[in-house]
There are 2 protein chains.
Amino acid sequence: MELEDAKRKFIESWGKLGSEWGINRTMAQVHALLLISPDPLTTEEIMETLSISRGNANMTLRDLIGWGLIEKQHKPGERKEYFFADKDVWNIAKQVAKERRKRELEPVIKVLDELSKVTGDANDPEFSTFNKSVTDINKLAKNVDKTLETMLGAEESWFWGGIFKLFK
Amino acid sequence: MELEDAKRKFIESWGKLGSEWGINRTMAQVHALLLISPDPLTTEEIMETLSISRGNANMTLRDLIGWGLIEKQHKPGERKEYFFADKDVWNIAKQVAKERRKRELEPVIKVLDELSKVTGDANDPEFSTFNKSVTDINKLAKNVDKTLETMLGAEESWFWGGIFKLFK
DNA sequence: TTAAACTTTCAAAACTTTTTGAAAGTTTAA
DNA sequence: TTAAACTTTCAAAAAGTTTTGAAAGTTTAA
């Protein structure tokens, strides 16, 4: 396969994966493009390469900055803004985990805590089934939360060495 | 909070979480409803409770069966089909992980393997940046895959004991 | 057989999300 | 100042996804 085809395929696959996991396809594609670009790119170049509008490019780039996945760069003597992605896969995974934890896991835990407090008659199957499911899911969510907290604070080494060894 | 409000809130939150993670909102809601129902429910009851159409209910129930999250049940002497959800949170997590691994992770690894094979001039920054990103992501994906494989085959105990202890 | 009870299908409609692009806003150099 | 270069905004349009509901299909009991 030619390098150019490979690049296109990478961008396409990354976009597809993103959309399957609730991340806007264009955002994932812009990220993919910057991941494989040796040099920072301008909004213009990104619009051109991915055939997207200026507005879309601008919003997507701001979102990516919000996720901590890319940064702006200024070249001396130039007006244009350049964008580049952090290429360190461990940082990327960490950033994504951190953001989703904050945006999605935390609000869910808040609701589950609230729902765990609901009281009722332990002999009422309606109540006891509700209560058991909610408290079990709450325990799981808190476990995942703790795990992420620990992982995000941990060193990089275990990550590349193989997470899986820990489960053997 | 009243039990009925709490149920509604649980269904709503589960639906929202699902949609943020690329799972159809209705599917997550039907799952939530069955999770907190002590007894199996008919299509009719599900349609009624969630105010959804017969077609939607039918398709969603079949999808949930496809994900291994719910099962059909027949009551002796009745024509209607009843549905109930596995209430074991460990099984649910396992099922979801297993399915997403098969549906999404595996295809991505296949593409990454293919893209890792692309050859080029190591002095060409276009090639070497592409190559580094692709091989790094491939390594990560394979690591995650191995980890899931091990976790899915492992015993339940570590799960409730606290995954996070492993990372301390 | 027949027909009632129930399930499945799928094209069209409703809804949601994403994208566009032109206008407004901002910054910089002269 | 001014105006050119560039960035941001946002209402409307397009695209994508989900839902509906009526019709077709299936199963069962008599």
Side-chain angles (χ1 to χ4, degrees), chain A residues 11-34 40-67 70-84 100 103-104, chain B residues 11-34 40-67 70-84 100 103-104:
Chain A
I11 291 168
E12 185 199 309
S13 302
W14 207 235
K16 187 167 172 245
L17 186 67
S19 69
E20 285 166 342
W21 284 86
I23 286 152
N24 173 336
R25 211 185 82 249
T26 304
M27 189 167 140
Q29 287 184 338
V30 171
H31 185 224
L33 172 61
L34 290 173
L41 301 178
T42 60
T43 303
E44 213 76 34
E45 291 169 311
I46 293 165
M47 286 165 57
E48 173 88 358
T49 313
L50 302 177
S51 309
I52 60 174
S53 71
R54 184 173 302 283
N56 195 8
N58 183 269
M59 281 191 157
T60 299
L61 288 166
R62 290 204 295 121
D63 281 354
L64 282 169
I65 292 173
W67 278 75
I70 68 169
E71 284 179 46
K72 279 187 187 176
Q73 197 173 63
H74 285 281
K75 292 206 176 176
E78 287 214 51
R79 291 281 295 282
K80 282 197 284 281
E81 290 180 327
Y82 286 78
F83 299 90
F84 73 100
R100 296 205 86 153
R103 297 175 193 208
E104 291 143 23
Chain B
I11 291 168
E12 184 200 308
S13 301
W14 209 235
K16 188 169 171 244
L17 187 67
S19 70
E20 285 166 342
W21 284 87
I23 286 152
N24 173 336
R25 209 185 82 251
T26 304
M27 187 168 142
Q29 287 184 339
V30 170
H31 185 225
L33 172 61
L34 291 173
L41 301 178
T42 61
T43 303
E44 214 75 35
E45 290 169 311
I46 293 165
M47 286 165 57
E48 173 87 358
T49 313
L50 301 177
S51 310
I52 60 173
S53 72
R54 184 171 301 284
N56 194 6
N58 183 270
M59 280 193 160
T60 299
L61 288 166
R62 289 204 297 120
D63 280 355
L64 281 168
I65 292 172
W67 277 76
I70 68 169
E71 282 178 48
K72 278 187 186 177
Q73 197 172 62
H74 285 280
K75 292 206 176 175
E78 288 214 50
R79 290 280 295 283
K80 282 195 285 279
E81 291 179 326
Y82 286 77
F83 299 90
F84 73 99
R100 297 205 84 153
R103 297 175 193 209
E104 291 145 21

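Chain letters run A, B, ... following the sequence lines, proteins first and then strands; every chain starts at 1. Heavy-atom basis, side chains included; hydrogens, waters and symmetry copies ignored.
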Taking only the side-chain heavy atoms of [X] (C-beta and beyond), determine which of [options] contains the nearest atom.
X: B:Lys72; options: C:dT8, C:dT18, C:dT20; value: C:dT8
X: B:Ser53; options: C:dT7, D:dT8, D:dT19; value: D:dT19
X: A:Arg79; options: D:dT28, C:dT20, C:dT28; value: C:dT28
X: B:Glu81; options: D:dG21, C:dT20, C:dT8; value: C:dT8
X: B:Arg25; options: C:dT7, D:dT19, D:dT9; value: D:dT19

Item to check | Distance under 6.0 Å and angle within 45° of ring axis: A:Arg100 vs A:Trp21 | outcome: no
To the nearest Å, how far apart are [X] [atom1] and [N] [atom2]?
X: A:Asn24; N: C:dT16; atom1: CG; atom2: C1'; answer: 13 Å
X: A:Asn56; N: D:dT8; atom1: CG; atom2: P; answer: 14 Å
X: A:Met27; N: C:dT17; atom1: CE; atom2: C1'; answer: 15 Å
X: A:Leu41; N: D:dT7; atom1: CG; atom2: C1'; answer: 17 Å
X: A:Asp63; N: D:dT8; atom1: CG; atom2: C1'; answer: 13 Å
X: B:Lys75; N: C:dC6; atom1: NZ; atom2: C1'; answer: 17 Å
X: B:His74; N: D:dT27; atom1: NE2; atom2: C1'; answer: 11 Å
X: A:Leu61; N: C:dT20; atom1: CG; atom2: P; answer: 13 Å

Checklist entry - Would you say A:Glu78's side chain and A:Lys75's backbone share a donor-acceptor pair under 3.5 angstrom? => result no
Next on the checklist: Treating A:Ser19 as the side-chain partner and A:Lys16 as the backbone partner, does any N or O pair qualify as donor plus acceptor under 3.5 Å?
Outcome noted: yes
Checklist entry - In dot-bracket notation, what is the pairing pattern of DNA chain C, taking Watson-Crick (N1-N3 plus N6-O4 or O6-N4) and G-U wobble (N1-O2 and O6-N3) contacts under 3.5 Å, with [ ] crossing and | for other strands? => result ||||||||||||||||||||||||||||||
Checklist entry - Under 4.0 angstrom, heavy atoms only, what part of the nucleic acid is B:Ser51 near: base, sugar-phosphate, or nothing? => result sugar-phosphate
Checklist entry - What nucleic acid atoms does B:Arg62 come within less than 4.0 Å of, heavy atoms only: base, sugar-phosphate, or nothing? => result sugar-phosphate
Checklist entry - Should B:Asn58 be listed as having a side-chain N or O under 4.0 Å from OP1 or OP2 of D:dT19? => result no
Checklist entry - Taking only side-chain nitrogens and oxygens of A:Thr26, does any of them come within less than 4.0 Å of OP1 or OP2 of C:dT19? => result yes
Next on the checklist: Need to verify one output field. Residue with the more 5' nearest nucleotide on DNA chain D, B:Ile52 or A:Arg54?
Outcome noted: A:Arg54
Item to check | Side chains of A:Glu81 and A:Thr43 in contact at under 4.5 Å (non-hydrogen atoms) | outcome: no
Next on the checklist: Taking salt bridge (Lys or Arg N to Asp or Glu O under 4.0 Å) as the cut-off, I'd like each qualifying pair that reaches into residues 48-67 of chain A, sequence neighbours left out, listed once.
Outcome noted: A:Glu44-A:Arg54
